[in-house]
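Take a look at the structure set out below.
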Amino acid sequence: MEKESILNNKNNKKEILGRLLLIIAPLFLFLIYFNLSGSYIIISIAALALIYIFLREHLWLFLIFSIPSLALGKIINFYITPSWVYEMSLAEVFILIAAAVFLLDKFLNKNLGEIKIDKLSFLLSVYLLFGVVSFWQIIDFRLYIFGLKVLIFSFLSYFLSLNLLNSGKKIRLFLYSLVLTSYILSGQIFLKFYQMGWSGKLFFERSGILIPIGPIALVSAILVLLLPIILTFYFSAGNREKIKPFLLFSFVLGSLAVFLTLGKAAIASLFIGLFYLFIKLKDKKIIFVLVFLLFMLLGYIFLSSFFTGLFERMSHIFIDANTKFRILEYETGLKIIKNNFWFGVGAGQQLIHFKKVLNIEDSQLVNNFFLQSFIDLGILGMAAILFICAAVIKKINAVMTDGNKKPIIVFGFIAAITAAFLNGLAEVTFFALEYAIIFWLIIGVFGNMKGKFICIGGRPGSGKTTLSQKIQQMINAKVISRDKKFKKIFKK
């Protein structure tokens, strides 16, 4: 029997490789015949074939590496036209590779029916379709590509996360990647501010400060998304886990970095997310208070000027120039919606319309994801976003009502999602590519937590079965089995 199974596996591998060759060979001939065989294309196809042969069982690693790689920024550049340089991050490459190999593997193995598709992935695909169809009314093709790219990678990130990050081991490594990303982004913020000499520009030119991944407002929003998960990851770790101090330090460092950026919406969203955890994790309230006092102490000693700057911004929140421009931005967005109510202006076209209405040279996306969707795709886009939000809420409800005891990390995910929605009402988040990739990977992982343990600690309530608990279960099983045998004997 074992020899037969080995022979069958070998035959299956040969058959799959044969199918792969039948796909690649005609593709190469087609490209050569029509003179489309550029070096980039040939190398990409060859690399894809090699990844399929050797790494198709480990595609989830591409998703794990994609998140920290975002911190490097857009390091891949190639010319589409002499005047158009297309920029990509490694994360985009990793996600495209994972998607292509995953679908190719399912196709060659005739397992397309095993692909996991739920209501949320369907809604994301519908929203993507609306974005594609909006091509007929665009003004700028490059902006259309950039806008459409966000929708494509939002769908792919969720779809791949749902299908590939589906076990405790994979999700633990995913959580480690979030911690690593938090360290990198926090370190980049501190380094940037140190290089600027902690000058007054931090208060007056905040929107112009950039690090490799993008503006510090975007980095702050990403950290707000990660920190509640990292904190509950720390709570879930066993007391003997060597990684536990690093998790706590990651949370404290990330919180200080968010505070340094002086983003009102980011700080408020993080506070609400952490307050939710404070209410839900009743046995952790003392730790919450101690961590908060530690944060305040470090902030007061090393960052007293930033406390003063933050309080100054908060005291003038209703009259400062930033708030006035934000109000003007919303009024402009409503005007654009009124003129393009049904179908919007097209994916990625907001910038052009804002420049026209405001008659200014520089422009940006409106800082509210509901208005962004309405401007881009009209009432249809707005309806799709509402359905997507409802599907996310339903997913939260499904995880919370599955009948199993909830590990602490679940509340961290819910706090992160809550903070993300609140922050998205006042910042550009879901329509920023880097943020969208991380958010939808997190949502996919959260959906896979239903009925599973996703923690590293073995303490009661963590959701993990320790070795001693496992042994005790085995002993109890043997005792029950023995008692059943005795009952049978007595009945006879």
Side-chain angles (χ1 to χ4, degrees), residues 58 60-72 161 164-190 222-258 270 273-274 277-278 280-281 283-295 298 405-416 419 438 441-442 444-446 448-449 452-470:
H58 305 284
W60 55 276
L61 287 173
F62 287 94
L63 302 185
I64 299 295
F65 292 133
S66 67
I67 296 181
S69 70
L70 284 168
L72 300 175
S161 179
L164 297 176
L165 297 176
N166 51 9
S167 71
K169 174 188 174 182
K170 295 174 183 177
I171 295 176
R172 281 197 297 274
L173 288 175
F174 175 78
L175 294 175
Y176 286 130
S177 75
L178 298 185
V179 175
L180 177 60
T181 304
S182 176
Y183 267 115
I184 296 172
L185 295 180
S186 302
Q188 287 177 337
I189 287 179
F190 279 98
I222 291 173
L223 287 172
V224 168
L225 177 62
L226 301 183
L227 289 175
I229 299 173
I230 292 172
L231 182 60
T232 49
F233 195 23
Y234 162 77
F235 286 145
S236 300
N239 292 326
R240 295 182 181 179
E241 295 284 349
K242 294 180 180 179
I243 194 70
K244 191 165 185 176
F246 295 97
L247 298 177
L248 179 60
F249 187 65
S250 172
F251 172 77
V252 174
L253 193 68
S255 299
L256 286 172
V258 171
L270 179 61
L274 295 180
L277 292 179
F278 182 77
K280 285 292 182 180
L281 308 180
D283 59 333
K284 306 296 180 186
K285 287 186 177 181
I286 295 176
I287 298 177
F288 264 104
V289 173
L290 292 175
V291 171
F292 177 74
L293 291 175
L294 174 63
F295 170 78
L298 291 174
K405 190 171 183 178
K406 300 297 169 293
I408 292 173
I409 196 75
V410 166
F411 298 106
F413 274 81
I414 295 173
I438 297 174
L441 285 172
I442 286 173
V445 167
F446 180 72
N448 285 331
M449 293 175 69
K452 296 180 181 178
F453 114 72
I454 316 295
C455 296
I456 61 172
R459 300 174 295 102
S462 69
K464 182 175 180 179
T465 303
T466 61
L467 179 60
S468 60
Q469 290 171 338
K470 190 69 177 175

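Taken from CG in Leu185 to CD1 in Ile67, the straight-line distance is 11.0 Å, to the nearest 0.5 Å. We find the CG-CG distance between Leu270 and Leu231 to be 9.5 Å, quoted to the nearest 0.5 Å. In this structure, Ile64 CD1 and Leu180 CG are separated by 11.0 Å, a value rounded to the nearest 0.5 Å. Of the inter-residue distances, the one linking Lys285 atom NZ with Lys280 atom NZ reads 11.5 Å to the nearest 0.5 angstrom. Between the CG atom in Leu274 and the CG atom in Leu281 there is a gap of 10.5 Å [rounded to 0.5 Å]. Taken from CG in Leu223 to CG in Leu178, the straight-line distance is 11.0 Å, to the nearest 0.5 Å.
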Original post:
Would Leu70 and Thr181 count as a side chain to side chain contact (heavy atoms under 4.5 Å, CB included) if you check the C-alpha gap in whole Å, the side-chain angles of each, and the deciding distance to 0.1 Å?
Top reply: CA-CA 8 Å; Leu70 284 168; Thr181 304; over 6 Å; no
Original post:
Given the rule in the side chain to side chain contact (heavy atoms under 4.5 Å, CB included) test, do Phe413 and Ile442 qualify, once you have shown the distances and angles that lead to the verdict?
Top reply: CA-CA 8 Å; Phe413 274 81; Ile442 286 173; 3.6 Å; yes
Original post:
Is there a side chain to side chain contact (heavy atoms under 4.5 Å, CB included) between Ile243 and Tyr176 once you walk through the steps?
Top reply: CA-CA 10 Å; Ile243 194 70; Tyr176 286 130; 3.9 Å; yes
Original post:
Should Ile438 and Leu226 be marked as a side chain to side chain contact (heavy atoms under 4.5 Å, CB included) after you check the CA-CA gap, both sets of side-chain angles, and the distance that decides it?
Top reply: CA-CA 9 Å; Ile438 297 174; Leu226 301 183; 3.9 Å; yes
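Remark: side-chain polar atoms of Asn166 are not paired, donor with acceptor, to backbone N or O of Ser161 under 3.5 angstrom. In this structure, Thr232 contributes its side chain and Ile229 its backbone to a donor-acceptor pair below 3.5 Å. Within the 3.5 Å criterion, the main-chain N or O of Leu164 finds a donor-acceptor partner in the side chain of Lys170.
Closest of all the heavy-atom pairs between Phe411 and Pro407 is CD1-O, 4.0 Å. The two residues Asn448 and Leu165 have their closest heavy-atom pair at ND2-O, 2.9 Å. Taking all atoms of both residues into account, the shortest heavy-atom contact from Pro228 to Leu277 is O-CD1, 4.0 Å.
Side-chain contact between Val410 and Met449: present, with at least one pair of heavy atoms (C-beta onward) separated by less than 4.5 Å.
Phe278 does not carry Lys284 over the face of its six-membered ring by the limits of under 6.0 Å from the centre and within 45° of the normal.
When ring centroids are compared, Phe288 and Phe235 come within the 6.0 Å threshold.
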Which pairs of donor and acceptor atoms, one on a side chain in residues 245-257, lie under 3.5 Å apart (sequence neighbours left out)?
residue	atom	partner	partner atom	Å
Ser250	OG	Ser182	OG	3.4
Ser255	OG	Phe251	O	2.8

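Enclosure of atom CG in Leu290 by more than 12 non-hydrogen atoms of other residues, nucleotides or ligands within 6.0 angstrom is indicated.
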